[in-house]
Number of protein chains: 2
Amino acid sequence: MSTTTTRDWEGELHTHARRVTKQRLAVLAVVERFPHSSAEAIAKVARETLPALTVQSVYVVLADLHTLGMVRRIEPPDSPALYETRTGDNHHHAVCTGCGRVEDVDCAVGHTPCLTPSSTTMTIRIADVLYRGLCRDCEAAQSTEATLATPNFPSPTNQR
Amino acid sequence: MSTTTTRDWEGELHTHARRVTKQRLAVLAVVERFPHSSAEAIAKVARETLPALTVQSVYVVLADLHTLGMVRRIEPPDSPALYETRTGDNHHHAVCTGCGRVEDVDCAVGHTPCLTPSSTTMTIRIADVLYRGLCRDCEAAQSTEATLATPNFPSPTNQR
DNA sequence: AAGGTTATTATGACTCACTCACAATAAGTG
DNA sequence: CACTTATTGTGAGTGAGTCATAATAACCTT
């Protein structure tokens, strides 16, 4: 049950002319189970069921799956790249500047939002929106912390 | 003339209780002159007028100026962080997936766009939109290249 | 204008995320 | 089952950036 998946990864790999390996399946299972995971984190979890798996291989696998479009890669500031299997729809992400937590955010507008910038000579293909804010927990923590710390000396943006 | 600036950096540094040093002024002048420059690139240009300046110092200066809000830092995928002096307005950026060129893009909507995501429990502070597309030159280059290369085997996203 | 204090910079070592070359392994094919 | 070749493991290497510490130089005081 540790490798239960909802999608037919084996089939998708086949259609992309890729061999179906334990490593790829393990990585895909972990990414599906824990969206917004870093390569390192994925390796750690995958090694529970596949101890010989190396981090380097995870990088290689993820890079390949990414070029295939089977995983999406997001690169929040001050964080290693994160991966998710939810591709195809163009949803966006909100990162908590306190704890680094990442949440999916559906399009503000129903369809591709902000895809018509006011002024540019480029032909725009995609628009990634990265929201930054504070999650519930961090907001609570911050307000209590503010009463404890020196009030007029805000700590530098030390987010994760 | 190499250090001509339009803004009163000296004054701004003073109001932020920072000492006015050659290094800071040099960095600010370069960032103002060449927006969307990397730390390395900034160091290279700044060294023309201040040869002893080290890259590490540029990193330190930029980090500090960033926490002060005097420079804005953008982190395009597959690129080192880039810096610009245009702060305060919330404009966005378009990166060319061909050559890595970065252009400023004013808000699609007149005011803060997409600041009301449909669903999230976070308190959103800012929304950075990153457009990706092809600039004129790369679009031209790509179409001619397409006629030369194997047509049905698109090269992997090798963007800079 | 000189001296002292303390922020700032230079130096060099170091980390982190990730890539690359090459040898070992194992999918898939006949 | 053997064979071919993609894939993985191994180990070294790179680029971007940080950190500790010593040297330097702004700014304040006088």
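Since we're looking at a predicted model, the values are computed, not measured. By convention in this document, chain letters (A, B, ...) are assigned in the order of the sequence lines, proteins followed by strands, and residues within each chain are numbered from 1.
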Contacts of type side-chain hydrogen bond (donor to acceptor under 3.5 Å, both in side chains), residue Thr54(B), not counting sequence neighbours: Ser57(B)
If I compare all heavy atoms of Cys135(B) with all of Met122(A), which pair ends up nearest, and what's the gap? CA-CG, 3.8 Å
What string of B, S and - do you get for nucleotides 24-30 of chain D, 5' to 3', if B is base contact, S is sugar-phosphate-only contact and - is no contact with any protein heavy atom under 4.0 Å? -BBS---
Measure from the side-chain N and O atoms of Arg18(B) to the backbone N and O of His16(B), and report whether any donor-acceptor pair falls under 3.5 Å. yes
With Arg19(B), which residues qualify under side chain to side chain contact (heavy atoms under 4.5 Å, CB included), at least two apart? Thr21(B), Arg24(B)
When Ile, Leu, Val, Met, Phe, Trp and Tyr are grouped by side-chain heavy atoms lying under 4.5 Å apart, directly or through other members, which residues fall in the same group as Leu134(B)? none
Residues at least two apart in sequence or cross-chain that pass side chain to side chain contact (heavy atoms under 4.5 Å, CB included) with Ala46(A), listed by chain then number, are Ala26(A), Val30(A), Leu53(A)
Residue Arg24(B), side-chain heavy atoms: nucleotide from dA16(D), dT9(C), dA6(D) that is nearest: dT9(C)
Quick one: salt bridge (Lys or Arg N to Asp or Glu O under 4.0 Å) pairs with a partner in residues 39-56 of chain A, sequence neighbours left out? none
How does the hydrophobic cluster around Val55(A) look, that is, which other residues are in it when side-chain heavy atoms under 4.5 Å mark a link? Tyr59(A)
Measure NE2/His66(A) against P/dA17(C) and give the value in whole Å, please. 19 Å
For the pair made of CG in Leu28(B) and P in dT9(C), what is the distance, rounded to whole Å? 11 Å
Using five base pairs at each end, measure the axis-to-axis angle across the helix from dA1(C)-dT30(D) to dG30(C)-dC1(D) and round it to 10 degrees. 30°
His16(A) has an atom NE2; how far is it from atom P of dG28(C), in whole Å? 15 Å
Contacts of Ala63(B) meeting side chain to side chain contact (heavy atoms under 4.5 Å, CB included) (sequence neighbours excluded), chain-then-number -> none
Which residues pass the ring pair (Phe, Tyr, Trp, His ring centres under 6.0 Å) test with His93(B), sequence neighbours left out? His36(B), His91(B)
Distance, rounded to the nearest Å, where Leu62(A) contributes CG and dT7(D) contributes P: 15 Å
So what does Ala81(B) hit on the nucleic acid, given a heavy-atom distance under 4.0 Å: a base, only sugar-phosphate, or nothing? sugar-phosphate
Value in whole Å for how far the P atom of dC16(C) lies from CG of Leu82(A): 17 Å
Taken to the nearest whole Å, CG/Asp78(B) to C1'/dG15(D) is 13 Å
Glu75(B) CD to dA16(D) C1', straight-line distance once rounded to whole Å: 11 Å
Here the distance between atom P of dT7(D) and atom CG of Leu25(A), to the nearest Å, is 13 Å
Contacts to DNA chain D from residues 51-60 of chain B, heavy-atom cutoff under 4.0 Å, which residues? Gln56(B), Tyr59(B)
The criterion is side chain to side chain contact (heavy atoms under 4.5 Å, CB included); which residues satisfy it with Thr123(A), sequence neighbours excluded? Glu139(B)
